[in-house]
Amino acid sequence: MIGGGKNAFIGAVHRIAANMDGLIELHCGAFSSNPELSLESGKELGLAEDKCYESYVQMIETEVKLPPNERMDFVSIVTPNHAHFAPAMLALENGFHVVLDKPMTLTLAEAKLLEQKVKETGLYLCLTHTYAGYPMVKQARSMVADNDFGAIRKIIVEYPQGWLSTQFETGGNKQAVWRTDPSKSGISGCMGDIGTHAAHLAEYISGLKITQLCADINTVVANRRLDDDGNVLLKFDNGANGILVASQIAAGEENSLKIKVYGEKGGLEWHQMEPNTLTVKWLDSPTQLYRTGNGYLSQIAAFNTRIPSGHPEGYLEAFGNLYKNFALTLQSKLEGKEPTASMLDFPTAKDGVRGMAFIENVIASGKSTQKWTEFKI
């Protein structure tokens, strides 16, 4: 692990997720740019002192020299955006697979370089778009792919949060500080942080790709350096249209990601804060509620479900599914076997490039007087 030391929120989430299915063991780490904190963090996690490295460079250069059965198999990078590219590239150059937080890099150019390196090396990169890991999201994707709703016509996705409704970053909150800092977060705040999740979810469930967008991007809180709110009109490659709303100044909202997808014959609706339920609506029949863990669900939804129906599976389990599928894929590769389609069902470097393209196109459209912008990669 790179990053994720003491008091780091997302590092602990990654470790819980990775440990959930007994497939992955924390082997070593460079948990902080502060060598003392890295050592302290590693020891608290039960690692031997010689496996708590002072830097990610030292870790990668040391581990690669060890025999294959004694070194790490992959590296998990859980740092702020500006510290994604360099360690990921170094890991790939030294033959290590990568799990990487989203957005993939600080710029689209960096993302393209990483994608090219993945292609050159034949290694795997998993991008942690967590919401793609929920069983009912996978059920929704399966139903759309099976043409249950006919041709998709409209997609509405919204991700309102309220935690940045005030200038929270001035109070020293680490998450708020780096997410509103252009040098660490990149050219976008809200759209980079949660807008990319909404865009990925829309494309993942529908199987469609965004081809055009028209963005209204706002910085609502005074003296904030990056956007904290936005509204985007979308066009998809089959002619469908869509609306994407992302906001971190929606006072009173928690993590209220929602998506609606409508086709010729019906549609679906899923809410992240009620993740076990998928609402399916038909043009000429009553509305149905699909529930996690039941026998009528698709194979891919069942593959990503751990417990019987009626027991909530949430954020940590969805995160765990990304790690599980990645680990099973990597295990198959190490054993000389072909991973199944279910194992390969995790976001990749290709998704990362589209995520960075979304950020750059949205910000360009927001600044443009022309507004409608081709989705350029």
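Side-chain N/O atoms of Ser298 and Ser142 include a donor and acceptor closer than 3.5 Å. No side-chain donor from either of Asn321 and Tyr134 sits under 3.5 Å from a side-chain acceptor of the other.
Of the charged side-chain nitrogens involved, none lies within less than 4.0 Å of a carboxylate oxygen, so that Lys258 and Glu269 do not count as a salt-bridged pair. Electrostatic pairing of Glu317 and Arg306 does not count as a salt bridge here, judged by no charged N lying under 4.0 Å from a carboxylate O. Salt-bridge annotation for Asp193 and Arg179: present, with a side-chain N of the basic residue lying under 4.0 Å from a carboxylate O of the acidic one.
A cation-pi arrangement, defined by a distance under 6.0 Å to the six-membered ring centre and an angle within 45 degrees of its axis, is absent between Lys235 and Phe375.
A perpendicular orientation is assigned to the rings of Tyr315 and Phe319, their planes being inclined by more than 60° (bins at 30° and 60°).
Here Phe74 and Phe326 bring their ring centres to under 6.0 angstrom of each other. In this structure, Tyr323 has its ring center closer than 6.0 angstrom to the ring center of His14. For an aromatic pair to be called close, the ring centres must be under 6.0 Å apart, and Tyr290 with Tyr296 satisfies this.
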Does the pair Lys112 and Glu115 meet the rule for a salt bridge (charged side-chain N to carboxylate O under 4.0 Å, His left out), with working shown? CA-CA 5 Å; Lys112 288 180 178 179; Glu115 183 186 34; over 6 Å; no

Full working for side chain to side chain contact (heavy atoms under 4.5 Å, CB included) between Glu169 and Arg224: CA-CA 9 Å; Glu169 57 268 37; Arg224 181 162 286 157; 2.8 Å; yes

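Side-chain atoms of Arg354 come within 3.5 Å of backbone atoms of Ile210 as a donor-acceptor pair (strictly under, hydrogens ignored).
In this view, Glu110 and Phe85, Thr105, Leu106, Thr107 satisfy the side-chain contact (heavy atoms from CB on, under 4.5 Å) rule, not counting sequence neighbours.
Taking every heavy atom of both residues into account, Leu127 and Leu322 meet most closely at O-CD1, 4.3 Å. Residues Ala140 and Leu268 share a closest heavy-atom pair of CB-CD2, 3.7 Å.
Residues Ile249 and Ile194 are members of separate hydrophobic clusters, defined by side-chain heavy-atom contacts under 4.5 angstrom among Ile, Leu, Val, Met, Phe, Trp and Tyr.
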